[in-house]
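First the structure, in the form of structure tokens, and then the observations on it.
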Amino acid sequence: MIVQDLINCLEDFAPTSYAEDFDNVGLLVGNTQENLTGILVTLDTTEAVIDEAIATNCNLVVSFHPIVFKGLKKITGQSYVERVVIKAIQHNIAIFAIHTALDNAFHGVNDMICEKLKLTNRQILIPQPGTIKKLTTYAPHAEAATIREALFAAGAGSIGNYDHCSFNMKGVGTFRGGETSNPTKGKKMEIHSEPETQISVTFPKHLESQIRQALFSAHSYEEVAYEIVNITNTNQHIGMGMIGTLEEPMTESDFFNYLKVEMATNTIRHSAFLNKPVQKIAVLGGSGSFAISAAKRAGADIFITADLKYHDFFQAENNLILADIGHYESEQFTKNLLVAFLNKKITNFAPALPLGRLILSKTSTNPVKYY
């Protein structure tokens, strides 16, 4: 198993094409073709984490946060970022960061928080725009079914709880091949009319390359006519934050005690209690002040996030409770999520990773201390 195999697994889980524009995700250090000796999964890549990777003979660190976020103009070891990169390169350790790709994944960071709090009826809080595309193509009637099946197999045609979704319309296509053409229908240098089926399917944008490949492989034409356009439909499976409901309403104080236990935090900064039961809960791991308005619109009783500033709390405006549980605390179980996913996936590879070489980091990377 090589580094690229592991990257392919992670791309299936949380495609990096859905990461936010400001982010720096993917392979940050290392060679995609390197054979894996072990994988260490962590929230942050610190010097202590690289030391742990060396000690456990892991030559790939899968990190939630990217160690290289801003551009590096020099690497001289003057900062912890530079020292991490230098040590990783010296010991041939690759570093892969997943960050907001996993934030935007339906079964990612925020779903993990919902799972901890046992929330049901989960929905994305802020769906990411521009994630759905539509393919329209044209094929001889006899080939339409084969082409549709190839597109479905490549991941097209899924809408919510439905798959094999397409729209089909019969018509007539015309074309004339040039002198160097090799038409499968008609003759070159002659105008040909072919009874065709127009096929339209939607697909998530990260699958575009394989959708094109499936179309070209299944179609008999020398030149395949097709159009791909972006559509503005809301994708309820990709986006920031999540909202769900408790099975039974709780008092505010009971919920906060429950939150402290389930999210393993000793301190919660929050806006004023509203003295009413809570049941609808919005969550966003990491810095989430930008989603306060979305939590209000969604009718949340409580919005759980981190890194709220003094003036952010005024935005509660007696409409909901804002709860800041800490950045690390809101994302701390992300590494457990990644390990659980990879444990299931890597068994599909041959030769597989040596037994026991997928390791959950024991290093606590929380830089915040409480006195």
Side-chain angles (χ1 to χ4, degrees), residues 1-11 13-105 108-109 206 240 285-290 306-307 309 326-332 334-335 338 342 357 359-369:
M1 187 176 184
I2 62 174
V3 170
Q4 187 61 55
D5 291 328
L6 196 282
I7 291 174
N8 293 341
C9 287
L10 293 171
E11 286 284 350
F13 186 39
T16 52
S17 58
Y18 297 122
E20 297 298 311
D21 291 340
F22 65 80
D23 205 4
N24 189 31
V25 296
L27 189 66
L28 306 183
V29 175
N31 182 349
T32 59
Q33 300 305 304
E34 195 76 27
N35 288 319
L36 286 174
T37 60
I39 304 165
L40 183 67
V41 182
T42 181
L43 187 66
D44 305 280
T45 307
T46 63
E47 292 177 81
V49 168
I50 296 298
D51 289 336
E52 184 181 6
I54 295 168
T56 54
N57 193 31
C58 291
N59 66 345
L60 173 63
V61 172
V62 174
S63 178
F64 178 66
H65 291 124
I67 181 61
V68 180
F69 193 75
K70 300 177 181 179
L72 293 176
K73 294 185 177 180
K74 57 182 179 180
I75 304 178
T76 60
Q78 296 301 304
S79 70
Y80 79 95
V81 172
E82 295 171 23
R83 290 192 293 273
V84 166
V85 172
I86 290 171
K87 183 174 286 190
I89 293 173
Q90 287 174 335
H91 292 272
N92 200 29
I93 295 172
I95 302 172
F96 183 94
I98 199 165
H99 203 207
T100 58
L102 194 59
D103 281 320
N104 279 309
V109 176
H206 73 280
M240 283 285 185
S287 303
S289 61
F290 66 90
D307 297 344
K309 297 179 181 180
H327 197 119
Y328 173 86
E329 288 77 9
S330 70
E331 297 174 337
Q332 62 184 303
T334 301
K335 60 183 183 179
L338 288 168
L342 290 174
R357 302 310 300 147
I359 299 173
L360 180 69
S361 175
K362 296 179 180 179
T363 303
S364 174
T365 60
N366 188 2
V368 180
K369 308 302 177 185

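These numbers come from the heavy atoms of this one structure, side chains and all, not from hydrogens, waters or symmetry mates.
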Next on the checklist: Among Leu10, Val25, Leu338, exactly one meets side-chain contact (heavy atoms from CB on, under 4.5 Å) together with Leu102. Which residue is that?
Outcome noted: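 With Leu102 as partner, side-chain contact (heavy atoms from CB on, under 4.5 Å) holds for just one option, Leu338.
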
Do the non-hydrogen side-chain atoms of [X] and [Y] ever get within less than 4.5 Å of each other?
X: Ile95; Y: Val84; result: yes
X: Ile359; Y: Arg357; result: yes
X: Val61; Y: Val29; result: no
X: Phe22; Y: Thr100; result: yes

Using a 3.5 Å distance criterion without hydrogens, assess whether the side chain of [X] forms a donor-acceptor pair with backbone atoms of [Y].
X: Gln332; Y: Glu329; value: yes
X: Thr42; Y: Thr45; value: no
X: Thr37; Y: Asn57; value: yes
X: Ser63; Y: Pro66; value: no
X: Thr363; Y: Thr365; value: no
X: Asn104; Y: Tyr18; value: yes
X: Glu82; Y: Thr76; value: yes
X: Glu52; Y: Lys362; value: yes

Next on the checklist: Applying salt bridge (charged side-chain N to carboxylate O under 4.0 Å, His left out), can you list everything that pairs with Asp51, at least two apart in sequence or on another chain?
Outcome noted: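 Result, salt bridge (charged side-chain N to carboxylate O under 4.0 Å, His left out) vs Asp51: Lys87.
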
Checklist entry - With His99, which of Asp23, Thr334, Asn24, Thr16 fulfils side-chain hydrogen bond (donor to acceptor under 3.5 Å, both in side chains)? => result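 Going through Asp23, Thr334, Asn24, Thr16 one by one, the side-chain hydrogen bond (donor to acceptor under 3.5 Å, both in side chains) with His99 is satisfied by Asp23 alone.
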
Next on the checklist: Whether the Glu34 and Asn59 side chains hold a donor-acceptor pair (N or O, under 3.5 Å, no angle test) is what I'd like checked.
Outcome noted: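 The answer is no; no qualifying pair exists.
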
Item to check | Sequence neighbours excluded, every pair satisfying salt bridge (charged side-chain N to carboxylate O under 4.0 Å, His left out) that has a member inside residues 37-46 | outcome: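 Every pair satisfying salt bridge (charged side-chain N to carboxylate O under 4.0 Å, His left out) with a residue in residues 37-46: there are none.
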
Item to check | Parallel, tilted or perpendicular: rings of His327 and His65 (30°, 60°) | outcome: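 Aromatic pair His65/His327 classed tilted.
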
